[in-house]
Student: 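The following block contains the structure, expressed as structure tokens.
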Amino acid sequence: MWLSLPDTRRRTMSISLHTGGRTATVSSSWTAWDAPFRLVVTDPWAMHHARHQVADVVGALVATVDRRLPAARRDAQLVQMLGGTRSTPLRPFPYGIAASPADGDVHRPAPTRWQQAFTAAGRARDGWSVTAGPAAPALIAQRCAELVAEAASCGVLVAFGDHVATSGLAPVGGWRVQMQDALVAIDGGAVSSTSCVQRGRADRLQPFAVAATGRTVVPAWRSVAVAAADAPAASAACNGALLRGACAPAWLAELGLPALLVDSHGVPHAVGRWPVPA
């Protein structure tokens, strides 16, 4: 659900220093439009300016979009503003991906239970529609990561909701990204994920409407995570996997995109170079 965002420059944000591996990184976390937003940089001295730069980008979007619009129309307007309606072919994942130690520090922790419950409740209340293209938060995360990396000349990770974008050089050991069913390290690119579990019912999956047809279907997967060259591509591939159901693993493998799909029985299906769960 997209709501008004207070000026993040005046909000209290948590800042953490990470010293995993041999490279120190600094992270700042807050909430934007009821979704967790996280900024990580490899240059601690760049954080102050980076936070202001991200706040300016998100604040400009808030000022442009009509807050009275229904959530789905606001999302569509944001996607159009950010160029997400342009169809671009999905290309193979060009970066490294590996399993990350479970006891190591993470740059992007998995969503908390209340965050997952909030997302599931919003879908149940407002309806859940899946399109073939990228989600607006993925486009925002990618734009912010690229702007900060260019301005600060350092490595950047931006996580907005279920979408993680990176830009610039990764820290030693890669960007460690935790999801509901996986913990991986990537040295570039992006990861998008989605959970289809209903609120308070771990054994039930939330049906969604196919935006192109209006048909309501039950997901074939409990969760989907896809790695791609950038966040919009990862988001589009994640949505494409949901729309293709049982055919998703073969489709993702043909595209050369590492992915982890967990079926309704909790069985993980790793695709391509995605690390096989232990």
Student: State the OG1-CZ distance between T31 and R38, to the nearest 0.5 angstrom.
Tutor: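 Between T31 OG1 and R38 CZ, I get 12.0 Å after rounding to 0.5 Å.
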
Student: Any idea which heavy atoms bring A170 and I186 closest together, and the distance?
Tutor: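 Of all heavy-atom pairs spanning A170 and I186, the closest is CB-O, 4.4 Å.
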
Student: Does any non-hydrogen side-chain atom of F208 lie less than 4.5 Å from one of N239?
Tutor: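 N239 vs F208: side chains apart.
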
Student: Only counting residues at least two apart or in another chain, list the ones meeting side-chain contact (heavy atoms from CB on, under 4.5 Å) with T216.
Tutor: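 Checked T216 against side-chain contact (heavy atoms from CB on, under 4.5 Å); matches are P207, A209.
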
Student: If I compare all heavy atoms of Q142 with all of A231, which pair ends up nearest, and what's the gap?
Tutor: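 Closest approach of Q142 to A231, heavy atoms only: OE1-N, 2.8 Å.
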
Student: How long is the gap from OG on S167 to CD on E150, to the nearest 0.5 Å?
Tutor: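 One finds 8.5 Å between OG of S167 and CD of E150.
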
Student: With a 4.5 Å cut-off on side-chain heavy atoms, are F160 and V54 touching?
Tutor: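 V54 does not reach F160 side chain to side chain.
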
Student: Are F93 and V191 packed together at the side-chain level, in the sense that at least one heavy-atom pair is separated by less than 4.5 angstrom?
Tutor: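 No, every pair of side-chain atoms sits at 4.5 Å or beyond.
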
Student: Supply the atom-to-atom distance S193 OG to D181 CG, rounded to the nearest 0.5 angstrom.
Tutor: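 Nearest 0.5 Å value for the OG-CG distance: 9.0 Å.
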
Student: Give me the atom names and distance for the closest heavy-atom approach of F37 to C144.
Tutor: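 Between these two residues, the closest heavy atoms are CZ-SG, 4.4 Å.
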
Student: Does P275 reach the side chain of I97, with side-chain heavy atoms less than 4.5 Å apart?
Tutor: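 In short, these two side chains touch, coming nearer than 4.5 Å.
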
Student: Do you know the tightest heavy-atom contact between T42 and P171?
Tutor: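 Looking at all heavy atoms of both residues, the closest pair is CG2-CD, 4.0 Å.
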
Student: Is there a chain of hydrophobic side chains (I, L, V, M, F, W, Y, each step under 4.5 Å between heavy atoms) that links L139 to V57?
Tutor: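 No, no single cluster joins them.
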
Student: Do R108 and V40 have side chains that approach each other closer than 4.5 Å (heavy atoms only, starting at C-beta)?
Tutor: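 Not touching, per the 4.5 Å side-chain cut-off.
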
Student: Can you find a side-chain donor-acceptor pair between S195 and Q180 that sits under 3.5 Å?
Tutor: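 Yes, side-chain donor-acceptor contact under 3.5 Å.
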
Student: Measure the shortest side-chain to side-chain distance between P258 and V184 over non-hydrogen atoms and say whether it is less than 4.5 angstrom.
Tutor: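 A side-chain contact under 4.5 Å is absent here.
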
Student: Does the D187 side chain pair with the main chain of G96, one donor and one acceptor, at a distance under 3.5 Å?
Tutor: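 A pair under 3.5 Å: yes.
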
Student: Can you tell if the side chain of Q178 reaches within under 4.5 Å of the side chain of S100, non-hydrogen atoms only?
Tutor: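 No - every pair of side-chain heavy atoms lies 4.5 Å or more apart.
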
Student: Please step through side chain to side chain contact (heavy atoms under 4.5 Å, CB included) for the pair L257 and V271, ending with a clear verdict.
Tutor: CA-CA 8 Å; L257 298 177; V271 177; over 6 Å; no

Student: Could you grab the distance from atom CZ of R51 to atom CG of L39, nearest 0.5 Å is fine?
Tutor: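 If we round to the nearest 0.5 Å, R51:CZ and L39:CG are 8.5 Å apart.
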
Student: Give a yes or no on whether the backbone of Y95 and the side-chain of R273 come within a donor-acceptor separation of less than 3.5 Å.
Tutor: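 Flag set: sc R273 to bb Y95 pair under 3.5 Å.
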
Student: Starting at CH2 of W274, measure out to CG of L261 and round the result to the nearest 0.5 Å.
Tutor: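 W274 atom CH2 to L261 atom CG measures 9.5 Å (nearest 0.5 Å).
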
Student: Please determine whether residues L169 and V148 belong to a single hydrophobic cluster, defined as Ile, Leu, Val, Met, Phe, Trp and Tyr linked transitively by side-chain heavy-atom distances below 4.5 Å.
Tutor: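 As far as the 4.5 Å side-chain criterion goes, V148 and L169 are not connected within one cluster.
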
Student: Decide whether L157 and W45 are clustered together by the hydrophobic rule: side chain heavy atoms of Ile, Leu, Val, Met, Phe, Trp, Tyr closer than 4.5 Å, transitively.
Tutor: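 Each belongs to a different hydrophobic cluster.
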
Student: Other residues, nucleotides and ligands only: do more than 12 of their heavy atoms fall within 6.0 Å of CG on L147?
Tutor: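 Correct, the count exceeds 12.
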
Student: Kindly write out the residues that satisfy side-chain contact (heavy atoms from CB on, under 4.5 Å) with P36, not counting sequence neighbours, or none if the list is empty.
Tutor: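 By the side-chain contact (heavy atoms from CB on, under 4.5 Å) rule, P36 matches Q115.
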
Student: Work out which heavy atom in R215 is nearest to a heavy atom in V217; give both atom names and the distance.
Tutor: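 Heavy atoms of R215 and V217 come nearest at NH1-CG1, 3.1 Å.
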
Student: Specify the closest pair of heavy atoms between S235 and H163, including all atoms of both residues, with the distance to one decimal.
Tutor: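 Taking every non-hydrogen atom into account, OG-CE1, 3.5 Å.
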
Student: Taking atom SG of C247 and atom CG of L252, what is their separation to the nearest 0.5 Å?
Tutor: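 It is 11.0 Å, given to the nearest 0.5 Å.
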
Student: Go through C196 and L242 one step at a time and tell me if the side chain to side chain contact (heavy atoms under 4.5 Å, CB included) criterion holds.
Tutor: CA-CA 9 Å; C196 304; L242 286 178; 3.7 Å; yes

Student: Between R222 and L205, is there a side-chain heavy-atom distance shorter than 4.5 Å?
Tutor: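 In short, these two side chains touch, coming nearer than 4.5 Å.
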
